[in-house]
Amino acid sequence: MLTRWVVHGTVDRDSLAVSVTDVAGGSALGYQPPCNFLPGPGAWECEVPAPSNSGQDGYLVRVTPGTSCWTATRVYDGSEGDDLPDRADGCVRLWQWSPVDLL
């Protein structure tokens with residue numbers, strides 16, 4: 001029971017953006033746009049910066065109710081030449097952070 005609270009973090013627009021970017025293999029350097037909640041589909045829209053900073057790919061992210069775990073599906077490819085995955089899944093961790101947070 002304690003592991004559930006220690007490992008999983010709170011899902012918010014910033015922590016979800018960092019988690020999705022990390023798992024999808026996007027660039028963790030520079031500006032990380034927060035995810036936006038879309039009430040209609042009950043999902044989040046996240047933009048993942050390409051590793052070469054050549055643009056951003058958009059993902060529709062669904063969080064499993066009662067957890068911090070998510071599944072993402074790429075809905076548009078806005079990067080040039082980078083090959084981010086069409087699908088990714090992961091969880092927001094308690095200590096989710098970005099290198100930019102250190103600045």
Side-chain angles (χ1 to χ4, degrees):
M1 171 108 170
L2 181 59
T3 304
R4 178 179 176 189
W5 299 110
V6 172
V7 175
H8 295 280
T10 302
V11 175
D12 62 31
R13 54 187 289 162
D14 294 317
S15 63
L16 187 59
V18 171
S19 183
V20 173
T21 296
D22 183 46
V23 172
S27 174
L29 301 175
Y31 174 69
Q32 173 63 58
C35 297
N36 294 309
F37 186 71
L38 306 171
W44 295 82
E45 179 183 47
C46 301
E47 293 184 346
V48 174
S52 66
N53 292 316
S54 65
Q56 299 174 346
D57 287 5
Y59 286 84
L60 186 65
V61 182
R62 296 191 186 280
V63 177
T64 304
T67 75
S68 68
C69 296
W70 51 265
T71 300
T73 304
R74 186 167 62 174
V75 291
Y76 69 84
D77 184 350
S79 60
E80 298 174 14
D82 284 309
D83 192 21
L84 293 174
D86 289 334
R87 293 184 47 82
D89 55 15
C91 298
V92 173
R93 301 294 180 199
L94 184 58
W95 297 285
Q96 195 76 59
W97 58 278
S98 165
V100 175
D101 295 338
L102 300 175
L103 300 177

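Listed by first and then second residue, the ring pair (Phe, Tyr, Trp, His ring centres under 6.0 Å) pairs that reach into residues 49-89 come to none, sequence neighbours excluded. Counting only residues at least two apart or on different chains, no salt bridge (Lys or Arg N to Asp or Glu O under 4.0 Å) pair has a member in residues 28-52. The salt bridge (Lys or Arg N to Asp or Glu O under 4.0 Å) pairs that include a residue from residues 29-40 number zero, where partners must be two or more places apart or lie in different chains. Residue pairs that meet the disulfide (SG to SG under 2.5 Å) test with at least one member in residues 13-54, sequence neighbours left out, are Cys35-Cys46.
A donor-acceptor pair under 3.5 Å is formed between the side chain of Thr21 and the backbone N or O of Ala17.
Residues Pro49 and Gln32 are in side-chain contact: their nearest non-hydrogen atoms beyond the backbone lie under 4.5 Å apart.
Of all non-hydrogen atoms in Ala88 and Val23, the two that sit nearest each other are CB-CG1, 4.1 Å. Heavy-atom minimum distance, Ala72 versus Val61: CB-CG2, 3.8 Å. Across every non-hydrogen atom of Val63 and Thr67, the tightest pair is CG1-O, 3.6 Å. In plain terms, the two heavy atoms of Pro34 and Asp14 that are nearest each other are CB-OD1, 3.4 Å.
Here the straight-line distance linking atom CG of Asp12 with atom CZ of Phe37 works out to 13.0 Å at 0.5 Å rounding. One finds the CG atom of Leu16 at 11.0 Å from the SG atom of Cys91 (value rounded to the nearest 0.5 Å).
Legend: residues meeting salt bridge (Lys or Arg N to Asp or Glu O under 4.0 Å) with Arg13, ordered by chain and number and at least two apart, are absent. Remark: Ser79 engages Ala50, Ser54, Asp57, Asp77, Asp82 in a side-chain contact (heavy atoms from CB on, under 4.5 Å) (not counting sequence neighbours). In terms of the side-chain contact (heavy atoms from CB on, under 4.5 Å) criterion, residue partners of Asp89 (sequence neighbours excluded) are, by chain and number, Thr71. By the side-chain contact (heavy atoms from CB on, under 4.5 Å) test, Leu60 is found to be paired with Leu38, Ala43, Arg62, Val75, residues two or more places apart in sequence or in another chain being considered.
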